[in-house]
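Step one of this worksheet: look at the structure below.
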Protein chains: 2
Amino acid sequence: MGTTQLESVPEPKYWHLKTVIGEALDTDFAVGEILPNERDLAARFGVARATLRQALEQLELEGRLQRRRGVGTTVAPPRVGVDVSTTQHQWPGTAEDNWRAQDCATADVPAAVARLLDLDPAAAAPVHTVRRIRLTHGQPVAAEQLYVPASSVPALPAIEAPSGPARARAVLRELQRLTLEGQDRAVELGSARADDARELDRLPGSPVLVVTTRYLSAGRTAAVSLGTYRADTCRLTFGDAGDLQIAS
Amino acid sequence: MGTTQLESVPEPKYWHLKTVIGEALDTDFAVGEILPNERDLAARFGVARATLRQALEQLELEGRLQRRRGVGTTVAPPRVGVDVSTTQHQWPGTAEDNWRAQDCATADVPAAVARLLDLDPAAAAPVHTVRRIRLTHGQPVAAEQLYVPASSVPALPAIEAPSGPARARAVLRELQRLTLEGQDRAVELGSARADDARELDRLPGSPVLVVTTRYLSAGRTAAVSLGTYRADTCRLTFGDAGDLQIAS
DNA sequence: GAGTGGTCTAGACCACCGC
DNA sequence: CGGTGGTCTAGACCACTCA
């Protein structure tokens with residue numbers, strides 16, 4: 001090719017493909033436009049479909065493509081900034097914050113979460129598990145599981161509907177009566193569990209950004225939340241970083 | 001099988017494999033232990049190697065496995081928490097903060113970064129680019145490219161070594177003389193560029209968490225940093241979240 | 001039913017590591 | 001040098017969407 005570099009370390013085909021297609025996306029395609037199908041693309045580049053797919057997978061990982069089974073591959077819009085600041089010292093569910101309460105149950109608590117909540121592993125203390133979906137521009141971008149020990153919301157009326165959105169909102173309401181002293185937050189890469197994937201309109205195993213939050217009140221952990229954000233479409237922002245953008 | 005659920009939606013083999021192997025990791029293996037090689041494992045589970053690899057890839061993505069060409073697949077230690085709080089209002093390079101200044105050049109600035117810096121795209125204003133590596137327990141966990149417009153550090157002696165670690169430290173030193181008014185930060189998923197991959201001891205294209213930071217001083221953007229964190233080994237923490245842990 | 005992306009196979013060769 | 005994971009091929013079938 002026209003490279004000035006000695007090909008002493010030949011880069012993998014899929015890597016080169018990714019670069020070529022990535023550049024084509026910038027110049028020849030508009031957001032939302034449909035690419036040729038994988039078989040055609042593979043033939044056009046003279047590679048096996050598996051190799052072509054490896055390149056597309058990376059581009060999808062970087063948020064540049066969107067692939068949907070039965071439909072096709074489209075050029076993705078820029079990632080949306082989703083604010084997850086810890087500075088605004090607020091309980092979840094306060095005011096209108098783009099979350100939609102889905103449900104509330106008393107499901108089992110993962111051991112790792114139980115440890116964060118300082119629960120006695122043997123006691124099997126009751127914990128409310130609130131399920132919420134975060135929407136941006138009408139699209140679901142995150143699913144959250146919020147764990148609230150019953151001891152954190154002692155005044156919660158037991159009579160209320162035992163489950164459903166109303167119950168979830170009741171738990172959030174009770175939580176907001178406590179004094180929030182701080183939040184600790186962590187972000188890491190994960191893959192979507194089956195239930196999260198369904199609500200985020202993705203396939204199981206899709207890459208997600210897992211946001212773990214610990215809510216502190218009265219010197220103890222009053223609640224723990226496990227947020228699952230679509231890694232392909234989301235950019236998590238802290239502070240007024242709504243216009244910070246990508247680079248990969 | 002013994003499932004109570006109708007197998008109306010059969011899960012993919014690799015997904016099932018991932019679950020089985022993941023459970024085996026918890027019970028039968030210790031951190032650092034070497035797994036059987038891929039050909040043996042595939043044969044043992046009665047699947048093609050490509051399918052087995054798909055399962056291993058996911059487990060690696062979740063930080064549970066570590067694979068090295070020529071060596072083998074080992075059980076990964078838990079992810080290390082890396083603090084990236086924005087609250088401690090500090091310039092980069094202040095005191096001992098686990099970063100090692102590598103180099104400083106006057107390389108070209110990506111268009112996206114130039115926009116963040118409010119640079120005139122036509123003017124080609126000079127920008128110092130500082131390269132740093134972040135170490136944790138002696139292991140590199142992040143590579144950073146810091147863009148500092150020359151106008152932000154006017155007093156930087158032009159006479160000093162034009163490149164190298166000393167130059168990098170000089171730029172950081174000058175930066176610290178400014179009043180830091182705030183930082184905006186964003187986190188998103190990316191794939192490692194070739195140079196980042198080399199310094200992080202990963203293959204190009206490995207998943208990384210890209211942390212974009214904008215440093216504000218005197219009402220303008222004084223510097224922009226692009227941090228690339230290993231997604232397999234890192235958990236980014238905000239606040240005292242060092243002991244928050246995984247779930248995926 | 002036609003066309004898409006998702007899964008899976010059974011091979012092959014290559015790049016890298018450590019002995 | 002042998003053994004490891006990484007790349008690549010050329011097929012096949014399946015699950016899904018939409019006209």
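Each chain gets a letter, A, B and so on, in the order its sequence line appears, and its residues count up from 1. All values below come from the heavy atoms of this structure, side chains included, with hydrogens, waters and symmetry mates left out.
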>> Can you measure B:Phe45 atom CZ to C:dC8 atom C1' for me and round it to whole angstrom units?
In response: 17 Å
> Phosphate oxygens OP1/OP2 of C:dG5: is one of them under 4.0 Å from a side-chain N or O of A:Thr73?
Replying inline: yes
> Between atom CG in B:Leu65 and atom C1' in D:dG5, what is the gap in whole Å?
Replying inline: 13 Å
>> How many whole angstroms separate atom CH2 of B:Trp15 from atom C1' of D:dA15?
In response: 17 Å
> Taking only residues two or more places apart in sequence, or in another chain, which ones meet A:Thr73 in a side chain to side chain donor-acceptor pair (under 3.5 Å)?
Replying inline: none
> Are B:Arg202 and B:Glu60 close enough for a salt bridge, meaning some N to O gap below 4.0 Å?
Replying inline: yes
>> Taking the minimum atom-to-atom distance to the side chain of B:Leu203, which one of D:dT4, D:dG6, D:dC18 wins?
In response: D:dG6
> Could you give the CG-to-C1' distance, from A:Asp40 to C:dG5, as a whole number of Å?
Replying inline: 13 Å
> So what does A:Leu56 touch, heavy atoms closer than 4.0 Å: a base, only the sugar-phosphate, or nothing?
Replying inline: nothing
>> For A:Arg185, run the side-chain contact (heavy atoms from CB on, under 4.5 Å) check against A:Leu236, A:Thr212, A:Val84 and tell me which one passes.
In response: A:Val84
> To the nearest 0.5 Å, how far apart are NZ in B:Lys13 and CG in B:Leu52?
Replying inline: 11.5 Å
>> Once you apply a heavy-atom cut-off of 4.0 Å, does A:Arg53 come out as touching a base, just sugar-phosphate, or nothing?
In response: base
>> What is the separation between atom CD on A:Gln54 and atom C1' on D:dT7, rounded to the nearest whole Å?
In response: 7 Å
> Considering only side-chain heavy atoms of A:Val71, which listed nucleotide, D:dG6, C:dG6, D:dT17, is closest?
Replying inline: D:dT17
> Any side-chain N or O of B:Asn37 less than 4.0 Å from the OP1 or OP2 oxygen of D:dT4?
Replying inline: yes
> Rounding to a whole Å, what distance do you find between B:His16:NE2 and C:dT7:P?
Replying inline: 16 Å
> Reading nucleotides 9-15 of chain C 5' to 3', which nucleotides get B (base under 4.0 Å from a protein heavy atom), which S (sugar-phosphate only), which -?
Replying inline: B--BB-B
>> My understanding is that only residues two or more places apart in sequence, or in another chain, count here; which of them pass side chain to side chain contact (heavy atoms under 4.5 Å, CB included) with B:Glu57?
In response: B:Arg53, B:Arg67
>> Let's see if you can work this out: which of C:dG5, D:dT4, C:dT7 has an atom nearest to the side-chain heavy atoms of A:Arg67?
In response: C:dG5
> Can B:Leu146 and B:Val171 be said to form a side-chain contact (heavy atoms from CB on, under 4.5 Å), step by step?
Replying inline: CA-CA 10 Å; B:Leu146 180 69; B:Val171 171; 5.8 Å; no
> For A:Tyr14 and D:dG6, what is the distance between atoms OH and C1' respectively, to the nearest whole Å?
Replying inline: 8 Å
>> Tell me the interatomic distance from A:Glu38, atom CD, to D:dC16, atom P, rounded to whole angstroms.
In response: 17 Å
> Looking at A:Thr129 and A:Thr106, what are the two nearest heavy atoms and their distance?
Replying inline: OG1-N, 4.2 Å
